[in-house]
Participant: 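Got a structure for you, questions after.
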There are 2 protein chains.
Amino acid sequence: MPQTDDLSEDRGGPTVEDTVLGDLIGYRLKRAYMQIQPEAQRALAEDDLRVVSFSCLSIITDNAGIVQSELADALQMERSNLVVIIDELEQRGLVTRKKVPTDRRRYALTATLRGRRLRDRAAEKVRTAEDQIIGRLDDKDRAHLMAVLQRLEDNTR
Amino acid sequence: MPQTDDLSEDRGGPTVEDTVLGDLIGYRLKRAYMQIQPEAQRALAEDDLRVVSFSCLSIITDNAGIVQSELADALQMERSNLVVIIDELEQRGLVTRKKVPTDRRRYALTATLRGRRLRDRAAEKVRTAEDQIIGRLDDKDRAHLMAVLQRLEDNTR
DNA sequence: AATAATAGTTATTGACTATAACTATTATCC
DNA sequence: GGATAATAGTTATAGTCAATAACTATTATT
C-alpha cells in the first residue's frame with residue numbers, strides 16, 4: 001500500500017470546505033485552465049511565442065489571405081490589440097502583410113513557409129505538454145470534454 | 001424550414017478554418033470560460049461583488065476561522081493581493097478579521113450573517129446565469145463535464 | 001457629391017497578477 | 001536561552017493584458 005508519511009497537507013492544501021464554488025462551471029473551467037495554461041505558455045516560450053501570437057499564427061496558417069479584422073473576430077479579441085502582435089510575427093518573417101488590391105484598407109495576412117513550419121512544431125509541443133497533464137484522461141473522456149466545451153461555447157452565440 | 005436571409009456571417013464569424021487550435025484543450029477551456037465569465041461577472045455586479053471577492057466570501061463562509069494564507073492557497077492567488085479584497089469585505093460588514101490568540105501573526109476570517117446571506121444570494125444568481133448559458137446541456141453532460149474538469153485539475157497536483 | 005461605415009493604427013487607461021521589501025510574531029537550532 | 005530562520009500580513013510597485021477612444025485612409029451608401 002502506497003501509504004506515505006505526509007498528512008492532509010501533502011497536495012493542494014488542507015482540504016478546505018466548499019459547498020458552492022466547486023459546483024459552478026465557471027470556477028471549474030477557470031481552475032482547469034489555470035493548470036493547463038502555464039504549461040502551454042512554457043512550451044511556446046521555447047520558440048519565443050506567446051499563447052496569443054501562436055493562436056494568430058495558427059489561424060493565419062490555416063486561412064491564407066485572412067485580414068486582421070476577421071482574425072480579431074475569430075479569436076475574439078480587439079483588432080487594435082492585434083496590431084503589435086502581427087507586427088512582431090511579420091518582423092520575424094513568420095507572416096506577410098499584403099495590401100488587398102480590391103480594398104486597399106485591408107491587409108491580407110499569409111503565413112510564410114517558416115511560419116507554417118513553426119506553427120506545426122509549436123503545436124506539437126503544446127499538444128505534448130497538454131498530454132502530460134491530461135494523464136489518465138482516456139480518449140473517450142477527452143473527446144467528450146472537447147465536444148461539451150464546444151457546445152458550451154456555441155450555446156452563447 | 002428556419003431558413004433566414006443572412007448568410008454565413010450570421011453567428012460567430014464566417015467559419016474560419018482551424019486545423020490545430022480547436023483540438024487543444026487549453027484553447028477550448030479558455031473559449032468556454034470566456035463565454036461564462038462575463039455572465040457571472042454581470043450577475044455578481046448586482047451585489048457589488050467581483051468574481052474574486054465572491055470566491056473569497058464563499059470560501060470564508062464555508063470555513064469560519066480560516067486565515068488569509070490558507071485562503072490564498074485555496075484560491076491559488078497571492079496573499080498580498082488578498083489584502084485589499086478582505087479589506088473591502090470587512091468594511092462592508094461581510095466578514096470579520098480577528099486576531100488568533102495562539103498565533104498573533106494570523107487573522108481568523110469569519111463571514112457575518114450578512115456575508116453568509118449575500119453569499120447564498122449571489123451564488124444563486126450565478127447559478128441561474130450559468131444555467132442560461134448551459135442551456136441544452138443535460139444533467140448527465142454537466143456532471144460529466146464537472147467531473148472531468150475536476151480530474152484535469154487534480155492531475156497536475 | 002456628401003455622408004456613413006470600415007480597416008488599420010496609435011495612445012491610453014483600468015484591472016489584474018506577480019514580486020520584492022518591510023514589520024511583527026513564532027518556530028528552529030546550536 | 002538566545003541567535004537565526006521562517007511565517008503571516010501588509011505595502012508598494014512593476015508588468016501584462018484587455019478595452020476604449022480618437023485618428024487616417026479608404027470604401028460604401030444615399
Side-chain angles (χ1 to χ4, degrees), chain A residues 9 13-14 26 30-31 33-35 37-38 40-42 44-45 48-56 60 63 65-91 95-110, chain B residues 9 13-14 26 30-31 33-35 37-38 40-42 44-45 48-56 60 63 65-91 95-110:
Chain A
E9 188 79 31
K30 183 176 189 175
R31 299 277 292 201
Y33 180 66
M34 281 171 58
Q35 310 308 315
Q37 202 271 355
Q41 192 171 326
R42 193 193 45 69
L44 290 169
D48 292 303
L49 286 172
R50 288 176 300 151
V51 169
V52 63
S53 25
F54 168 70
S55 301
C56 288
I60 296 171
N63 298 270
I66 193 174
V67 298
Q68 287 180 213
S69 295
E70 293 164 353
L71 178 58
D73 207 52
L75 292 176
Q76 292 182 218
M77 55 186 296
E78 293 298 322
R79 64 193 201 287
S80 62
N81 292 326
L82 219 116
V83 178
V84 290
I85 297 165
I86 305 297
D87 281 350
E88 202 208 316
L89 292 177
E90 191 184 23
Q91 277 156 25
V95 309
T96 60
R97 255 196 270 237
K98 217 174 62 179
K99 266 206 158 64
V100 176
T102 60
D103 185 344
R104 304 210 316 284
R105 290 172 299 186
R106 319 174 100 193
Y107 284 104
L109 303 173
T110 308
Chain B
E9 188 81 30
K30 183 175 190 177
R31 298 276 293 202
Y33 180 66
M34 281 171 58
Q35 311 308 315
Q37 202 271 353
Q41 192 172 327
R42 192 193 44 70
L44 291 169
D48 291 303
L49 286 171
R50 286 175 301 149
V51 170
V52 63
S53 27
F54 168 70
S55 302
C56 288
I60 295 171
N63 299 270
I66 193 174
V67 298
Q68 287 179 213
S69 296
E70 293 164 353
L71 179 58
D73 207 52
L75 291 177
Q76 295 183 215
M77 55 186 297
E78 293 298 323
R79 66 194 200 286
S80 62
N81 292 327
L82 214 105
V83 178
V84 290
I85 297 165
I86 306 297
D87 281 350
E88 202 207 316
L89 292 177
E90 191 184 23
Q91 278 157 22
V95 309
T96 62
R97 254 195 272 237
K98 217 175 60 180
K99 266 206 155 64
V100 175
T102 59
D103 186 344
R104 304 210 314 284
R105 290 172 299 186
R106 316 174 103 196
Y107 284 104
L109 303 173
T110 308

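Values below: every heavy atom of this structure, side chains too, minus hydrogens, waters and symmetry copies. Reminder, nothing fancy here: chain letters follow the sequence lines and each chain counts from 1.
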Participant: Roughly how many Å is it from CD1 in B:Ile85 to C1' in D:dT11, rounded to a whole number?
Facilitator: 15 Å
Participant: Is it the case that the base of C:dA18 and the side chain of B:Asn81 share a donor-acceptor contact (distance under 3.5 Å, atom types as modelled)?
Facilitator: yes
Participant: If only atom types and distance count, is the side chain of B:Ser53 paired as donor or acceptor with the main-chain N or O of B:Leu49 below 3.5 Å?
Facilitator: no
Participant: Would you kindly compare B:Val52 and A:Ile86 by the position of their nearest DNA chain C nucleotide and give the one closer to the 5′ end?
Facilitator: A:Ile86
Participant: Give the nucleotide from the list D:dC17, D:dG9, C:dT9 with an atom nearest to the side chain of B:Gln68.
Facilitator: D:dG9
Participant: Using whole Å, report how far CG of B:Asp73 lies from C1' of D:dT7.
Facilitator: 13 Å
Participant: Is there a side-chain contact between B:Asp73 and B:Arg79 (heavy atoms, below 4.5 Å)?
Facilitator: no
Participant: Is the phosphate of C:dA7, meaning OP1 or OP2, less than 4.0 Å from a side-chain N or O of A:Arg106?
Facilitator: yes
Participant: Could you check how far CG of B:Leu82 sits from C1' of D:dA8, rounded to whole Å?
Facilitator: 12 Å
Participant: For the side chain of A:Arg105 and the base of C:dG8, is some donor closer than 3.5 Å to an acceptor across the two?
Facilitator: no
Participant: Test your reading of the model: is there a side-chain donor-acceptor pair from B:Glu70 to the backbone of B:Val67, 3.5 Å cut-off?
Facilitator: yes
Participant: Within this structure, what is the CE-to-P distance between A:Met77 and D:dC17, rounded to whole angstrom?
Facilitator: 10 Å
Participant: Can you measure B:Glu78 atom CD to C:dC16 atom C1' for me and round it to whole angstrom units?
Facilitator: 12 Å
Participant: Determine whether a donor-acceptor pair (one donor, one acceptor, N or O, separation below 3.5 Å) exists between the side chain of B:Ser80 and the base of C:dT17.
Facilitator: no
Participant: Have a look at D:dA19 and give me syn or anti from its glycosidic angle (syn if within 90° of zero).
Facilitator: anti
Participant: Starting at CD of B:Glu88 and ending at P of C:dC16, how long is that distance when rounded to a whole Å?
Facilitator: 11 Å
Participant: Short question: side chain of B:Gln76, backbone of B:Ala72 - any donor-acceptor pair under 3.5 Å?
Facilitator: no
Participant: Would you please confirm or rule out a distance under 4.0 Å between OP1 or OP2 of C:dG8 and any side-chain N or O of A:Arg104?
Facilitator: no
Participant: Looking at D:dT27, which nucleotide sits across from it as a Watson-Crick or G-U wobble partner, both distances under 3.5 angstrom, or is there none?
Facilitator: none
Participant: If we count only N and O atoms by modelled type, under 3.5 Å, do the side chains of A:Lys98 and A:Tyr107 hold a donor and an acceptor together?
Facilitator: no
Participant: Between D:dG9, C:dT9, C:dC16, which nucleotide has the shortest distance from any of its atoms to the side chain of B:Tyr107?
Facilitator: D:dG9
Participant: Can you tell me the distance, in whole Å, between the CG atom of B:Leu71 and the C1' atom of D:dG9?
Facilitator: 13 Å
Participant: Can you check whether B:Arg79 has a side-chain N or O nearer than 4.0 Å to OP1 or OP2 of C:dT17?
Facilitator: no
Participant: Atom CZ of A:Arg97 and atom P of C:dG8: how far apart are they, to the nearest Å?
Facilitator: 9 Å
Participant: Hey, are B:Arg106 and B:Gln68 close enough side-chain-wise for a donor-acceptor pair under 3.5 Å?
Facilitator: no
Participant: If you assign A:Asp103 and A:Asp87 each to the DNA chain C nucleotide with the nearest heavy atom, which residue ends up on the more 5' nucleotide?
Facilitator: A:Asp103
Participant: Whom does C:dA4 pair with, Watson-Crick or G-U wobble, provided both distances fall under 3.5 Å?
Facilitator: none
